[in-house]
Amino acid sequence: MTGTLFSPFDLGDIALANRVVMAPLTRNRAGPGLVPSLLAPEYYAQRASAGLIITEATQVSPQAQGYQNTPGIYTPEQVAAWRRVTDAVHAKGGRIFVQLWHVGRVSHVDLHDGKAPVAPSAIRPEAKTFVNNAFVDVSEPRALELDEIPGIVESFRSSAANAIEAGFDGVEVHGANGYLLDQFLRETANARTDAYGGSIENRARLLLEVVAAVADEIGAGRTGVRLSPVSPASGIVPSGDEQPQFNHVVEALNGLGIAYIHVVEGATGGPRDAAPFDYDALRQRFGNTYIANNGYNLELANSRLGDGKADLIAFGHDFIANPDLVERLKTGTPLAQMEMATIYGGGAQGYTDYPASIASMDA
Ligand code: 8OZ
């Protein structure tokens with residue numbers, strides 16, 4: 001189904017007003033108990049004219065945390081706070097999925113009472129995290145025991161159930177950007193010799209078990225997955241088998257009948273041509289919705305939609321300073337630039353105080 005960025009789209013059972021997706025954006029403003037910020041309902045409601053909002057990455061358990069002040073969805077208080085967010089977005093006619101996240105080895109002992117972060121194998125990436133108000137090297141991880149794996153799957157399943165209780169329209173499993181599920185996919189991060197390491201099939205096993213559990217819990221039509229085949233984010237080192245690895249993953253995801261795959265094309269945050277990769281091979285292997293992301297502007301978005309290479313386009317950074325991004329793209333209103341200093345952490349400044357444009361108020 002081709003169309004323009006501003007034509008409606010049916011994402012499974014969920015009707016979207018347009019093809020613009022707000023990509024997940026980490027903002028580090030969660031309060032005590034890792035409850036989403038009191039300002040989060042306003043922040044997301046300001047951006048509800050997106051066809052679909054995907055929330056900031058959200059922990060499925062305490063062990064899943066890797067940065068300070070990122071929210072969770074595993075306590076009743078967190079679920080209640082997310083309910084205020086989904087109510088605010090729905091009141092504006094928007095749709096919203098929560099992105100479920102386990103950071104794996106991208107974490108620090110100070111977030112875990114001195115205990116090591118968990119990973120497929122005890123391989124520390126060249127990566128930084130943000131704790132105690134500073135960027136620091138991630139801690140040395142420990143390999144997950146085989147008998148701990150069902151607990152990881154269960155934390156995604158129970159968080160998906162919580163997401164529905166909180167009023168979300170669906171769930172996106174974070175399989176991208178060098179976090180736990182992506183770590184399992186990579187030979188350079190996963191040296192396991194059990195059923196979760198070694199072959200392409202074994203390295204994909206945890207991601208597929210997690211997605212199957214989430215889909216079983218809330219319905220495949222409400223389940224999506226984010227992937228970043230060639231992104232070096234969070235210290236991912238290429239192994240050269242990305243194409244067959246991700247072709248296999250997407251074929252298996254297609255077999256699960258989930259609503260969408262959301263693909264970070266190139267390196268997260270750019271450049272788009274980080275490494276040669278055939279994204280169309282993924283598109284061809286997946287029968288449902290393909291969301292394309294990374295470095296898109298109006299022209300590139302409409303050209304990819306027009307060519308049938310994508311169904312929806314996700315915009316990340318542009319949504320930070322442009323709550324009315326859809327209207328600005330539609331009216332050709334110049335985009336505001338985000339302030340770097342207020343992306344991560346803090347309060348309303350750089351969060352809820354970016355104004356909508358005059359043009360969009362008239363629209
Ligand atoms: C920026 C800072 C911290 C985390 C991702 C969840 O890249 C993130 C993230 C981005 O997916």
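Here the structure is a predicted model, which is why all the values come from computation and not from measurement. Both counts, for ligands and for their atoms, begin at 1 and track the order of listing.
Checked against the 6.0 Å centroid criterion, the rings of Trp101 and Tyr67 qualify as a close aromatic pair.
Side-chain atoms of Leu329 and Phe315, non-hydrogen and from C-beta on, do get closer than 4.5 Å to each other. A 4.5 Å side-chain heavy-atom check between Leu34 and Gln78 finds at least one atom pair inside the cut-off.
Closest to atom 6 (C) of ligand 1, if we only count protein heavy atoms, is Thr26 OG1, 3.3 Å. For atom 8 (C) of ligand 1, the closest heavy atom belonging to the protein is Tyr179 OH, 3.4 Å.
Close contacts of ligand 1 with Tyr344, meaning ligand atoms under 4.0 Å from a residue heavy atom, involve 1 (C), 2 (C). Close approach to Ala57 involves these atoms of ligand 1, each under 4.0 Å from a residue heavy atom: 6 (C). Taking every heavy atom of Trp101 and a limit of under 4.0 angstrom, the matching atoms of ligand 1 come to 6 (C). Below 4.0 Å from some heavy atom of Asn177 lie the following atoms of ligand 1, by number and element: 5 (C), 7 (O), 11 (O).
Residue-ligand proximity: Arg226 is placed with every non-hydrogen atom at 4.0 Å or more from ligand 1.
Each of His102, His112, Gln63 was checked for a side-chain hydrogen bond (donor to acceptor under 3.5 Å, both in side chains) with Ser107, and the lone residue meeting it is His112.
By the criterion of a heavy-atom distance under 4.0 Å, neither the backbone nor the side chain of Glu56 is placed next to ligand 1.
A salt bridge links Arg157 to Asp216: at least one charged side-chain nitrogen sits closer than 4.0 Å to a carboxylate oxygen. A salt bridge is defined here as a Lys NZ or Arg NE, NH1 or NH2 lying under 4.0 Å from an Asp or Glu carboxylate O, and Arg192 with Asp194 meets this definition.
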